[in-house]
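For reference, the structure is listed below as structure tokens.
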Amino acid sequence: FFFFFFFLMIRRPPRSTLSSSSAASDVYKRQAFTSMDKDGNKTIDREEAKIYMKNMSRAMLGNPPDGDEWAKRLDAEVDQMFATMDENHDQVISLEEYLDCHASVKQRNLDKNGA
């Protein structure tokens with residue numbers, strides 16, 4: 001659930017960049033990646049992803065309910081994110097993996113829409 005919103009938010013640049021070059025879209029994706037990479041090591045680890053997703057979920061849905069269910073759901077969403085993006089299974093998402101994932105989603109959407 002949250003991974004869907006997370007991925008939707010980070011994969012879609014502002015409308016102002018949709019009609020401009022793919023370079024503008026690439027810059028937006030790089031900025032989104034950098035905003036998640038809190039320690040600046042050019043990778044997103046599970047904790048950084050979890051913090052980002054938790055903050056985004058709070059912004060979209062309000063404060064989470066108390067209890068273990070929220071933590072379990074958030075862990076499951078981070079697991080899904082890493083299963084999708086962490087191509088080499090090193091437990092971090094590199095910028096290249098991040099951009100590759102976006103490119104493959106874009107291509108799937110183009111294929112699905114017959115473009």
Side-chain angles (χ1 to χ4, degrees):
F1 175 72
F2 297 115
F3 178 69
F4 170 76
F5 288 113
F6 166 78
F7 197 70
L8 181 65
M9 295 296 289
I10 63 172
R11 77 177 180 89
R12 191 160 166 96
R15 293 191 190 280
S16 62
T17 63
L18 291 177
S19 60
S20 60
S21 72
S22 63
S25 178
D26 188 53
V27 167
Y28 177 79
K29 289 173 190 154
R30 288 173 186 271
Q31 289 172 340
F33 181 89
T34 301
S35 74
M36 289 179 272
D37 179 21
K38 294 298 183 191
D39 61 9
N41 69 350
K42 309 269 191 261
T43 63
I44 299 169
D45 61 36
R46 287 180 175 274
E47 190 60 29
E48 289 169 324
K50 193 177 204 178
I51 290 168
Y52 184 85
M53 291 173 75
K54 186 184 289 186
N55 290 340
M56 195 172 80
S57 297
R58 281 187 178 139
M60 295 174 67
L61 305 171
N63 286 328
D66 291 329
D68 291 338
E69 191 60 36
W70 170 256
K72 288 178 188 175
R73 188 171 202 167
L74 194 56
D75 287 341
E77 296 296 330
V78 170
D79 289 345
Q80 183 181 359
M81 177 185 169
F82 273 74
T84 302
M85 293 183 153
D86 185 14
E87 295 173 358
N88 64 1
H89 308 288
D90 63 353
Q91 299 302 308
V92 294
I93 298 170
S94 67
L95 177 60
E96 293 78 22
E97 289 171 323
Y98 180 83
L99 294 174
D100 287 349
C101 185
H102 288 287
S104 67
V105 168
K106 182 178 180 180
Q107 187 59 51
R108 275 194 307 253
N109 288 337
L110 289 173
D111 293 345
K112 186 167 79 172
N113 295 327

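Since the structure is predicted, the reported quantities are computational estimates derived from the model, not experimental observations.
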Study note, to complete from the structure: Sorted by chain and residue number, the salt bridge (charged side-chain N to carboxylate O under 4.0 Å, His left out) partners of D100 (sequence neighbours excluded) come out as none
Check your understanding: Can you list the steps and then say if M85 with I44 is a side-chain contact (heavy atoms from CB on, under 4.5 Å)?
Key -> CA-CA 10 Å; M85 293 183 153; I44 299 169; over 6 Å; no
Check your understanding: Do you know which two heavy atoms are closest between S35 and A32, and how far apart they sit?
Key -> OG-O, 2.7 Å
Point to revise | Nearest atoms (heavy-atom pairs only) where T84 meets C101 | key: CG2-SG, 3.8 Å
Would you please name every residue forming a side-chain contact (heavy atoms from CB on, under 4.5 Å) with [X], sequence neighbours left out?
X   : result
D79 : R46
D39 : D37, N41, D45, E48
E96 : S94

Can you tell me how far the [atom1] atom of [X] sits from the [atom2] atom of [Y], to the nearest 0.5 Å?
X   : Y   : atom1 : atom2 : answer
M36 : I93 : CE    : CD1   : 8.0 Å
N55 : I51 : CG    : CD1   : 7.5 Å
L95 : K42 : CG    : NZ    : 8.5 Å
D86 : Q91 : CG    : CD    : 6.0 Å

Exercise for review: Could you list all the salt bridge (charged side-chain N to carboxylate O under 4.0 Å, His left out) pairs where at least one residue sits in residues 50-60, not counting sequence neighbours?
Suggested key: K50-D75
Point to revise | K38: partners by side-chain hydrogen bond (donor to acceptor under 3.5 Å, both in side chains), with sequence neighbours left out | key: none
Check your understanding: If you group Ile, Leu, Val, Met, Phe, Trp and Tyr by side-chain heavy-atom gaps below 4.5 Å, do V92 and M81 land in one group?
Key -> no
Review point. Does the side chain of L99 come within less than 4.5 Å of R30's, by heavy atoms?
Key: yes
